[in-house]
Every structure is written in structure tokens, then in C-alpha cells.
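What follows is a single structure, written as C-alpha cells, with notes after it.
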Amino acid sequence: MAIRKSNKLSQAAVLKQIMKRCSSLGKKQSYDDVDHLPVDVPKGHFAVYVGENRTRYIIPISLLTHPLFQCLLQCAEEEFGFDHDMGITIPCEEVVFLALTSMLR
């Protein structure tokens, strides 16, 4: 009997893909010469874009492991996917995003 491999990626693999995407944000920011990461994003943080105006927020990486934030990431993947030039876009209102992230910190 053959064992079927799941097409779903492990949670760790998904988080690695998200982090890789987060490090390649939009082309308008300035980047450092060594790591090619945006200079305005401190180590241990990443940028997301939220709301109709796509307001940019810098949030700690530690939020990636929280189940509520992972739900937001799943919604983002379903609505926008992760394969685009801009950073991750979170499909919710800014007020909701700010309330959620303030509770999770």
C-alpha cells in the first residue's frame, strides 16, 4: 500500500515562504546593500499592507505563529496570493487589524 503525500505544506514551510516574501517588498523603499532588505524594517519585523488604502504597517515576526494572525494570512493568500511584487496585503479594515495586533502583542 502506497502512502500518499499531502499537497499541503507544513506550517514551518509556509512561514518560511511568508518570510521570504516579506523580505522582498515593493520596489519604492530603499534597501541596504548587503542583505537587500528594506532599511526601515527593523530586524525581527516585517511589513504588511492593510485596508483599502494599503497602509503599510511594520509588525513583529512573533505574530506569525499566533493562530488569529495565521487566519489573516490565510485570508490574504486566498484573496491576493503571495506571488506579487508588493508585500503581504491583509484583507481587512485598518481598525480591525490594529485592534487585533494590539491584543496579540
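Because the structure is a prediction, the values reported are computed rather than measured. Each residue takes its place number in the sequence, starting with 1.
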How far apart are the closest heavy atoms of [X] and [Y], and which atoms are they?
{"X": "Ala76", "Y": "Thr89", "value": "CB-O, 3.1 Å"}
{"X": "Phe80", "Y": "Pro91", "value": "CE1-CB, 3.7 Å"}
{"X": "Glu94", "Y": "Gly51", "value": "CG-CA, 4.3 Å"}

With rounding to the nearest 0.5 Å, note down the distance linking [atom1] in [X] to [atom2] in [Y].
{"X": "His45", "Y": "Ser62", "atom1": "NE2", "atom2": "OG", "answer": "7.5 Å"}
{"X": "Leu100", "Y": "Glu93", "atom1": "CG", "atom2": "CD", "answer": "13.5 Å"}
{"X": "Arg54", "Y": "Ile90", "atom1": "CZ", "atom2": "CD1", "answer": "10.5 Å"}
{"X": "Leu63", "Y": "Gln70", "atom1": "CG", "atom2": "CD", "answer": "10.5 Å"}

Q) Same cluster or not: are Met103 and Ile59 linked, directly or through other Ile, Leu, Val, Met, Phe, Trp or Tyr residues, by side-chain heavy atoms under 4.5 angstrom apart? A)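 As far as the 4.5 Å side-chain criterion goes, Ile59 and Met103 are connected within one cluster.
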**Q.** Connected via hydrophobic side-chain network under 4.5 Å: Val96 and Ile58
**A.** no
Q) Should the pair Phe97 and Tyr57 be assigned to parallel (<30°), tilted (30 to 60°) or perpendicular (>60°) ring geometry? A)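 Phe97 and Tyr57: tilted rings.
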Q) Between His66 (side chain) and Leu64 (backbone), is there a donor-acceptor pair under 3.5 Å? A) no
